[in-house]
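Below is one structure, written out as structure tokens; comments come after it.
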Amino acid sequence: VNTATDRITLNALDLKILKSSVTFDGAAGPQSLESKEVQFDADQETASFVFPAAIPAGTAALAVEFTGELNDKMKGFYRSKYFTASGEERYAGVTQFEATDARRCFPCWDEPAIKATFDITLTVPQDRVALSNMPLQSETSSDDGSLRVLRFDRTPIMSTYLVAVVVGEYDYVEDTSADGVLVRVYTPVGKKEQGRFALDVATKVLPYYKDYFNIAYPLPKMDLIAISDFSAGAMENWGLITYRETFVLVDPENTSLIRKQSIALTVGHEIAHQWFGNLVTMEWWTHLWLNEGYASFVEFLCVDHLFPGYDIWTQFVTDMYTRALELDCLRNSHPIEVPVGHPSEIDEIFDEISYNKGASVIRMLHHYIGDEDFKRGMHIYLTRHQYRNTSTEDLWNALQEASSKPVGAVMSTWIKQMGFPVVRVLSSSQLDGNRRLLKIAQEKFCADGCQPKEPFRWMIPINVSTPKSGNAVSTVLESDTADITVEGVGPDDWVKINPGTVGYYRTQYPADMLEQFIPAIKDGSLPPLDRLGLIDDLFALVQAGKSSTVDALKVIDAYRNEGNYTVWSSITNCLAKLQLLLAHTPIEDQFNAYGVRLYQPVAESLGWDVKPGESHLDTLLRSLVLSRLVSFRCPKTVAEAKRRFQEHAENKSVLPADLRSTCYKAVLQNGDLDTYNEMLRLYRATDLHEEKDRISRALGSIGNVDILRKVIEFAMSDEVRAQDSVFVIVSVAMNPRGRDMTWDYFRERWQVLLNQYEGGFLLARLIKYLTENFSTEERALEVEQFFREHEFPGTERTVSQSIETIRLNADWLKRDLDAITEYLKQQQQQ
């Protein structure tokens with residue numbers, strides 16, 4: 001106590017305080033005071049203990065007796081439903097405290113910078129597994145012998161949001177990492193073998209990070225546990241990482257390759273947090289990106305090290321980088337660092353900007369200073385601030401010290417400003433010999449193509465490549481315009497800005513420079529990340545009205561012989577948007593026919609069955625192209641998918657996990673009530689969460705609105721976990737046939753959905769996908785009015801982003817529909 005006071009205020013929410021007292025050294029020796037009242041402030045989520053006399057300055061001990069409830073909100077200390085092998089319904093007790101929900105479990109100062117050590121004791125039934133952040137210190141029995149009393153070791157000094165306990169029924173597999181850490185993966189009873197893959201990844205990740213950061217993992221054990229009801233993907237509680245089942249369990253026969261890859265990334269991400277977030281923690285949630293952006297970058301470093309065959313850095317661009325750019329060009333985006341106050345505002349920044357943009361700018365920085373200096377800077381940062389809190393500037397200082405480059409000056413332009421630049425090549429002229437002069441300029445890239453009123457400027461690391469040199473020029477663009485001379489370029493050679501798609505910006509070329517890429521796209525001599533970056537930039541310029549859809553489709557034509565999974569992911573991302581946009585127009589069928597012609601050659605060369613020794617990426621590519629052909633309603637693909645499904649449903653053969661979603665959608669697209677019931681039978685027959693997920697999300701592709709309504713009712717029933725309901729409803733909303741009905745349903749049942757998901761990011765996710773694919777001004781006004789009249793705390797930014805996107809869609813259609821119609825007509829005649 002710094003100055004004498006008669007009240008102590010802590011965070012507390014949904015707790016019943018039974019009594020509180022404070023003990024301190026008074027003038028006449030130790031004294032104890034009981035509080036005379038407790039004042040709750042529901043809005044600020046605090047409890048104030050008021051004492052009859054002042055507590056003098058000095059050390060005091062506060063004791064509080066309280067009770068709370070195991071809630072059903074998937075936050076705080078909550079109950080998670082599961083079923084035993086015989087089908088009996090039971091509950092586990094689980095915690096999820098990030099960002100501000102430790103206060104639902106015990107009164108505390110629930111802020112990341114107020115760190116403490118924790119001594120945790122749990123009293124649990126004899127037959128239950130009980131875990132916490134630290135290993136067990138001692139175990140005794142209750143007086144009547146019916147309960148176990150478990151005391152855990154004292155934790156290191158840490159933030160409240162990382163405290164964790166789990167009580168339930170679990171099996172586990174264990175191993176010790178090369179650096180001596182005991183690692184266990186806890187699974188539902190009877191499924192411990194499904195924890196082997198995650199165990200293998202975790203035991204290899206720990207020593208990798210120890211070497212990379214040059215700091216040992218600070219705790220004696222590491223537990224990973226699969227939780228039945230869990231709203232996020234995973235949570236990095238120190239020493240006890242909690243996961244959704246689908247983000248940690250692998251069943252060799254039923255887990256798809258893409259899911260296995262995402263499990264490796266998630267394990268890498270959460271373990272990175274043990275250093276970056278847990279050992280060194282952000283000062284306040286404004287700096288959340290320090291935790292999340294960094295871990296989202298490092299997970300790729302580590303998976304690349306463990307699984308070089310995944311070619312994971314190429315996938316980073318489609319998974320992380322392009323998603324960040326899509327959101328970040330909106331007027332309603334936000335800077336990476338955003339001031340937050342109330343807990344509902346904190347939930348809203350767990351988005352693509354904090355994670356994906358954060359990871360993308362760190363990747364750009366890593367490239368700019370090089371791996372050795374980056375590693376050294378990380379070591380400085382982590383050792384200097386261990387067990388304490390930091391702000392972004394502390395990270396820049398450490399990296400600047402290690403690299404002697406102006407890290408702080410360059411990076412503050414990417415962290416403090418919203419959005420990103422487009423680097424425009426204004427002109428390109430061939431000089432004497434093999435030299436070319438490029439005039440370039442930077443400006444803010446806006447989704448609507450308009451110029452912002454206020455000035456924006458970035459310090460942009462610019463790299464340029466040519467057919468003869470992977471890195472012909474390396475410089476930093478600090479002003480609005482610059483001239484760059486590139487050596488060793490013939491008159492017909494292409495010149496690529498941002499090779500490897502590392503810089504977090506778009507590039508716009510004049511038509512003649514774009515033309516020079518075409519032969520190198522066709523013969524594959526332009527590297528995959530550059531083929532991908534070109535098409536992605538081009539489509540962004542189309543959406544912004546800076547280029548026409550038809551011109552972009554003509555460039556896509558050069559990719560007919562493309563064989564790279566990641567490049568196809570990028571093309572798919574662009575065309576899927578266009579497909580949704582054209583869904584309610586007269587040319588929907590012509591566009592589908594165009595899609596079939598584009599994807600069929602690559603599908604035929606891959607075939608339906610895995611070839612011996614085929615690469616990881618080819619297996620992923622097969623699922624991608626067959627799934628697209630099903631969505632383009634290719635008769636041949638749909639027929640083969642149905643045939644394979646039939647054999648699977650009749651137990652004549654097992655469908656490979658990688659092709660199940662594709663086949664389920666093919667069967668459901670034109671399915672009737674019998675098809676729907678058959679799918680529900682398969683859903684009920686499996687106990688693998690991943691398979692339930694696959695089936696329930698495929699239900700959204702049904703073409704009949706009446707059956708789609710049943711799908712939504714099913715999503716909201718007890719048969720679907722609350723954490724998954726949102727994704728089933730979203731799958732219906734993403735289906736053009738279900739879009740309007742889902743929106744109507746949401747407006748009818750908004751109160752139910754709000755009660756279930758308030759204050760979590762699942763609600764924002766639902767609103768985004770429910771609304772952003774509309775494409776008329778009427779709908780924009782309707783969405784605007786609905787959210788003006790109904791309050792959904794913590795989703796305000798999501799709503800304004802969606803309304804902005806609806807208007808961008810409407811403008812795009814207005815601008816280009818006639819030209820697209822004409823182009824598709826010509827294509828059909830060829």
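Numbers for residues simply follow the sequence, beginning at 1.
- Residue pairs meeting the salt bridge (Lys or Arg N to Asp or Glu O under 4.0 Å) criterion with at least one member in residues 130-145, sequence neighbours excluded: Glu139-Arg148.
- A 4.5 Å side-chain heavy-atom check between Pro207 and Tyr217 finds every atom pair outside the cut-off.
- Shown here for Leu279 and Pro218, the closest heavy-atom pair between the two residues is CD1-CG, 4.2 Å.
- For Gln126, the CD atom sits in a packed shell: over 12 heavy atoms of surrounding residues, nucleotides or ligands are nearer than 6.0 Å.
- Contact of the Val38 side chain with the Val50 side chain is not registered, since no non-hydrogen atoms from C-beta on lie closer than 4.5 Å.
- The two residues Asn133 and Ala164 make their nearest non-hydrogen contact at OD1-N, 3.0 Å.
- Within the 4.5 Å cutoff, side-chain heavy atoms of Leu763 are placed close to those of Phe792.
- Counting heavy atoms from C-beta on, the side chains of Phe49 and Ser21 never come closer than 4.5 Å.
- In this model, a donor atom of one side chain and an acceptor atom of the other lie less than 3.5 Å apart for Thr160 and Asp110.
- When the shell of 6.0 Å around NZ of Lys73 is examined, it contains 12 or fewer heavy atoms from other residues, nucleotides or ligands.
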Start with the C-alpha gap between Val163 and Thr155, add the side-chain angles, then the distance that decides, and say whether side-chain contact (heavy atoms from CB on, under 4.5 Å) holds. CA-CA 9 Å; Val163 175; Thr155 69; over 6 Å; no
Carefully, step by step, assess Tyr381 and Asp394 under the rule side-chain contact (heavy atoms from CB on, under 4.5 Å). CA-CA 7 Å; Tyr381 172 79; Asp394 297 313; 4.1 Å; yes
Before giving the answer on salt bridge (charged side-chain N to carboxylate O under 4.0 Å, His left out), spell out for Lys204 and Asp200 the whole-Å C-alpha distance, their side-chain angles and the decisive distance to 0.1 Å. CA-CA 6 Å; Lys204 289 182 178 139; Asp200 186 44; 3.2 Å; yes
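- Judged as a salt bridge (Lys or Arg N to Asp or Glu O under 4.0 Å), the pairs with a partner in residues 125-134 (not counting sequence neighbours) are, in order, Arg128-Glu169.
- Under the 4.5 Å side-chain criterion, counting only non-hydrogen atoms from C-beta, Glu719 is in contact with Phe714.
- Within the structure, salt bridge (Lys or Arg N to Asp or Glu O under 4.0 Å) contacts touching residues 152-167 (residues at least two apart or in different chains) are Asp119-Arg154.
- Taking the six-membered ring for Trp and the full ring otherwise, the centers of Phe77 and Phe106 sit at least 6.0 Å from each other.
- Side chain of Glu690 to backbone of Ser256: a donor-acceptor contact under 3.5 angstrom is found.
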List the steps, then state whether salt bridge (charged side-chain N to carboxylate O under 4.0 Å, His left out) holds for Asp229 with Arg721. CA-CA 7 Å; Asp229 288 315; Arg721 296 187 179 284; 3.1 Å; yes
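- Between Thr281 and Lys115, the side chains place a donor N or O and an acceptor N or O closer than 3.5 Å (distance only, hydrogens not considered).
- Residue pairs meeting the salt bridge (Lys or Arg N to Asp or Glu O under 4.0 Å) criterion with at least one partner in residues 31-59, sequence neighbours excluded, are Glu45-Arg103.
- Between the OH atom in Tyr683 and the CD1 atom in Ile695 there is a gap of 8.5 Å [rounded to 0.5 Å].
- Remark: side-chain polar atoms of His273 are paired, donor with acceptor, to backbone N or O of Phe276 under 3.5 angstrom.
- Inspection of the Ser177 and Thr203 side chains reveals no N or O donor paired with an N or O acceptor under 3.5 Å.
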Should Val728 and Val726 be marked as a side-chain contact (heavy atoms from CB on, under 4.5 Å) after you check the CA-CA gap, both sets of side-chain angles, and the distance that decides it? CA-CA 6 Å; Val728 182; Val726 163; over 6 Å; no
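- With rounding to the nearest 0.5 Å, the separation of CG in Leu762 from OG in Ser725 is 9.5 Å.
- Taking the side chain as every heavy atom from C-beta outward, Ile241 and Ile271 approach each other to under 4.5 Å.
- Counting only distance, with no hydrogens or angles, the side chain of Thr686 and the backbone of Lys692 share no donor-acceptor pair below 3.5 Å.
- If you check the side chains of Gln723 and His689, you find a donor sitting under 3.5 Å from an acceptor.
- Between the CZ atom in Arg196 and the CG atom in Asp251 there is a gap of 14.0 Å [rounded to 0.5 Å].
- Other residues, nucleotides and ligands place more than 12 heavy atoms under 6.0 Å from the CH2 atom of Trp284.
- Taking the six-membered ring wherever Trp is involved, the centroid distance between the rings of Phe213 and His379 does not fall below 6.0 Å.
- Here the side chain of Gln756 pairs no donor or acceptor atom with the backbone of Ala722 at under 3.5 angstrom.
- Of the possible donor and acceptor atoms, none in the side chain of Gln386 sits under 3.5 Å from a partner among the backbone N and O of Leu382.
- Expressed to the nearest 0.5 Å, how far CG of Leu288 lies from CG of Leu290 amounts to 8.5 Å.
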For residues 12-19, dump all side-chain donor-acceptor pairs below 3.5 Å to protein atoms at least two apart in sequence or in another chain.
from  : atom 1 : to     : atom 2 : distance (Å)
Asp14 : OD2    : Arg104 : NH1    : 2.9

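- Side-chain contact between Val166 and Leu240 is present, with at least one heavy-atom pair separated by less than 4.5 Å.
- Annotation: ring pair (Phe, Tyr, Trp, His ring centres under 6.0 Å) contacts involving residues 125-177, sequence neighbours excluded, comprise Tyr161-Trp285, Tyr172-Tyr186.
- By the 6.0 Å contact criterion, CG on Asn755 is enclosed, its count of non-hydrogen atoms from other residues, nucleotides or ligands being greater than 12.
- Judged by distance alone, with hydrogens and angles left aside, the side-chain atoms of Ser35 form no donor-acceptor pair with the main-chain N or O of Phe51 at under 3.5 Å.
- One distance of note links CD1 of Ile215 with OH of Tyr209; it measures 14.0 Å at 0.5 Å rounding.
- Here the side chain of Arg259 pairs a donor or acceptor atom with the backbone of Thr246 at under 3.5 angstrom.
- Taking 4.0 Å as the cut-off between side-chain N and carboxylate O, Lys191 and Glu193 do not count as a salt-bridged pair.
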May I have the step-by-step check of salt bridge (charged side-chain N to carboxylate O under 4.0 Å, His left out) for Arg244 and Asp724, ending in yes or no? CA-CA 10 Å; Arg244 269 186 184 224; Asp724 300 322; 3.2 Å; yes
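- You'll find the side chain of Phe97 stays beyond 4.5 Å of the side chain of Leu162, heavy atoms only.
- The cationic atom of Arg765 (NZ for Lys, CZ for Arg) does not lie both less than 6.0 Å from the six-membered ring centre of Tyr757 and within 45° of the ring axis.
- Ring geometry, Tyr355 versus His269: the interplanar angle falls under 30°, so the pair is classed parallel (tilted spans 30 to 60°).
- When only modelled atom types and interatomic distance are considered, Asn237 and Thr242 share a side-chain donor-acceptor pair under 3.5 Å.
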If you apply the rule side-chain contact (heavy atoms from CB on, under 4.5 Å), what do you find for Glu245 with Ser228, and how did you get there? CA-CA 6 Å; Glu245 289 183 11; Ser228 311; 3.5 Å; yes
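- For Thr392 and His287, the side-chain atoms include at least one donor-acceptor pair closer than 3.5 Å.
- Salt-bridge formation is detected for the pair Arg79/Asp72: a Lys NZ or Arg NE/NH1/NH2 atom is positioned less than 4.0 Å from an Asp or Glu carboxylate oxygen.
- Formation of a donor-acceptor pair under 3.5 Å by the Thr176 side chain with backbone atoms of Gly180 is not found in this model.
- Judged by distance alone, the side chain of Asp175 and the main-chain N or O of Arg184 form no donor-acceptor pair under 3.5 Å.
- No donor-acceptor distance shorter than 3.5 angstrom exists from the side chain of Lys221 to the backbone of Val183, with no hydrogens or angles considered.
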